[in-house]
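Throughout, a chain's letter reflects where its sequence line sits, starting with A, and its residues are numbered from 1.
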2 protein chains.
Amino acid sequence: MGQPTIKDVAKLAGVSISTVSRVMNNSKPVSPEARRKVVDAINKLDFKPNELARSLVMRKSNLVGVIVKDIGIEYMAQLIRGIEEIGRVYKYDIILSSSYGEDKQLENSIDFLATKQVEGLVIITEDISTEVLVKLRETKIPFVLLDKYHSYKNIKTVKIDFESEENRLVQSLTQQGHKKILFVADKEQNVINDSMVKGYESAVGADNSYILRIDGITSDDGYRMADQAIELIRKESITAVACVNDEIAIGFMNYCVDNGIKVPDDLSVVGFGDSKIASVYRPKLTTVSIPYYDIGAISIRALIKRIKQEGEILVDDWVIDAQIHQRESSKVIN
Amino acid sequence: MGQPTIKDVAKLAGVSISTVSRVMNNSKPVSPEARRKVVDAINKLDFKPNELARSLVMRKSNLVGVIVKDIGIEYMAQLIRGIEEIGRVYKYDIILSSSYGEDKQLENSIDFLATKQVEGLVIITEDISTEVLVKLRETKIPFVLLDKYHSYKNIKTVKIDFESEENRLVQSLTQQGHKKILFVADKEQNVINDSMVKGYESAVGADNSYILRIDGITSDDGYRMADQAIELIRKESITAVACVNDEIAIGFMNYCVDNGIKVPDDLSVVGFGDSKIASVYRPKLTTVSIPYYDIGAISIRALIKRIKQEGEILVDDWVIDAQIHQRESSKVIN
DNA sequence: CTGAAAGCGCTAACAG
DNA sequence: CTGTTAGCGCTTTCAG
């Protein structure tokens, strides 16, 4: 036979299985005498309760499903960290699944996790289709959606205020004496992009805005668009460039290195997001750090609260503060 | 009532629950007639079997536990990716747990996962104590240990041959004309370190070896030790430096930037590991990439094979090839 | 081919 | 305080 069960413990302790159950869960008073015998038996057998059986009868799995687009994406890993660590505090385990950005796979994951009786779902993606969303709602499983780019009516989430954070960042540039600042945005239309553009514009003034919308958001994309940016910068005597994310900023700075442009002496550059590389790259990149760990932690807490019926899940968007890291890539203008 | 159960399906289809079970699992012949009715009922109710109940009766959870030291560590995320993706192919789900390098937490995770009836365990850590190892063995749960630094008698693992990979890397340097090459190693004694030193030495010759053992393995540590290294490099007319990992190499190159030393013109630098930053940093770092995804994939495959009793788990260490990426930070000597 | 019945390991009334 | 009993939702003999 395999693992010892509650029956084995009961037999060894000379009591009924109910008694064993009671001491395990402290659910009802048990005589010290019986308790001792049971505890002894448990230790002797190295008995561990079968959570599966317990979950079945209690209709409670203590499992939450986390579906990520790709665990290899740096910020998703940070998010999971927060979710896992806080989930554990509430005795919830994480079951992990990846969607690789495919709707079909996402749906599969949701179904699959549903059969495993997860009590809640955290979905971390960069976009999700409305069809999947509908399906998700149908499952009746409480969920929180950490979606980077879109926001939906009636779905509240945990996030930072991209508009005001970008605004503060750009303002820090103007306070350093920069009059003309280029903003490199993502060509794709999405809420984050739009918010950041707004934040940028209200910092520099609408009549003093220089925006370059580029295709893609990787460092390669940043490198590729750089000649275009540099041309504009020369023509307009721009002294600082703010990029929609760190990767683009790094790609852009790489281009500068390759073309003899000195950052920050010739040009200040700032990013957004505080990816790991931002503080290792030279010059260290000025950027704003998004507290992903906290976002994950708050999400799972809200989710668990909802699971325990202690309240609705995120009645409003939960906005947390980000932090500007003034580093080497930007400085007071010469 | 909540989710529909097999009973509801049976009632709606007008058959017994056994019949429903049989069509779900194709476990026994069912008349086309009955099958149709059952399928209809399943669709109508949007019935999804409760895997918990199924697991309980079949004594098979289709769950494997993955314990990582910290999911924020880049290569661990890559490893998990491989595990998750291949696990899914075999219908295994991942339940994730972090140890944060603490033995106590690791033990807890093992226990916890055991109660969840995981069928196997993948432990990704950078070191593990023998006590925990003993405990792990006692659980009788099949496991694979992806331990970066240590190797244990009787525990086989999936890895690359650090010695011969480092050897090839250093040889590529000598082939580029470098006569004197410095190797920056980790002060701490561990198998990887030792292997790499061996690989380095057999490439340069024991009488021509320059080794600097430093404290720590982060880019900051690399930066900190750099003055010491530079001193040695000047004194001995060394033309290339090989670092035990990418982070140290980057830190070292940062120091070079800050001190007017041109890489690769004045000095060639190579790393090891191919972290993401290696290909984004300027100059792009020459390094060897460790196929973490594959390591994860092979591990889970071996584990599942073992679970299915189709063989012993890793009769021998499974060694896979790494690949040298010749990039910008090293070049033919002037 | 199909249904009744016995359990997987555990919890939770219900009587003592 | 404690044991007996009836399930949780499902699979699997065992008789038809």
Rounded distance (Å) that lies between atom C1' of C:dG9 and atom CG of A:L45: 15 Å

Any donor-acceptor N or O pair under 3.5 Å, side chains B:R59, A:N50: no

Base D:dG3 paired with A:R22 side chain (donor-acceptor, <3.5 Å): yes

D:dT11 phosphate, OP1 or OP2, under 4.0 Å from B:R54 side-chain N/O: yes

Closest nucleotide among C:dC10, C:dC8, D:dG9 to the A:L56 side chain: D:dG9

Rounded distance (Å) that lies between atom P of D:dT11 and atom NZ of B:K7: 14 Å

Between D:dC1 (P) and A:K37 (NZ): distance, integer Å: 15 Å

Spacing between A:R36 atom CZ and D:dC1 atom P, to the nearest angstrom: 16 Å

Distance below 4.0 Å between A:T19 side-chain N/O and D:dG3 OP1 or OP2: yes

Donor-acceptor contact present, side-chain B:D317 to main-chain B:T157, <3.5 Å: yes

Below 4.0 Å: OP1/OP2 of D:dG3 and any side-chain N or O of A:S18: no

Full working for side-chain contact (heavy atoms from CB on, under 4.5 Å) between A:I304 and A:Y92: CA-CA 9 Å; A:I304 291 174; A:Y92 274 84; 3.8 Å; yes

Selected nucleotide, minimal atom distance to A:N25 side chain, candidates C:dT11, D:dG9, D:dT2: C:dT11

First encountered from the 5' end of DNA chain D, between A:I17 and A:K28: A:K28

Shortest side-chain distance from B:M58, nucleotide among C:dT11, C:dC8, D:dT12: D:dT12

Spacing of A:E51 atom CD relative to C:dC8 atom P, expressed in whole Å: 19 Å

Residue whose closest nucleotide on DNA chain D lies nearer the 5' end, A:A34 versus B:N50: A:A34

B:S27 (side chain) and D:dT11 (base): donor-acceptor pair under 3.5 Å: no

Ion pair B:E107/B:K104, N-O distance below 4.0 Å: no

Gap between atoms NZ and P, on A:K11 and D:dG3 respectively (whole Å): 15 Å

Earlier contact from the 5' end, DNA chain C, for B:R59 and B:P29: B:P29

Below 4.0 Å: OP1/OP2 of D:dT2 and any side-chain N or O of A:S31: yes

Touch class at under 4.0 angstrom, heavy-atom based, for A:V20 against every strand present: nothing

Pairwise 5' ranking along DNA chain C for A:K48 and B:R35, keeping only the more 5' one: B:R35

Distance, rounded to the nearest Å, where B:E33 contributes CD and C:dC1 contributes P: 13 Å

Check: A:V122 and A:L145 side chains under 4.5 Å, non-hydrogen atoms: no

B:I6 CD1 to C:dG3 C1', straight-line distance once rounded to whole Å: 13 Å

B:E119 (side chain) donor-acceptor with B:V64 (main chain) under 3.5 angstrom: no

C:dA4 OP1/OP2 closer than 4.0 Å to side-chain N/O of B:S16: no

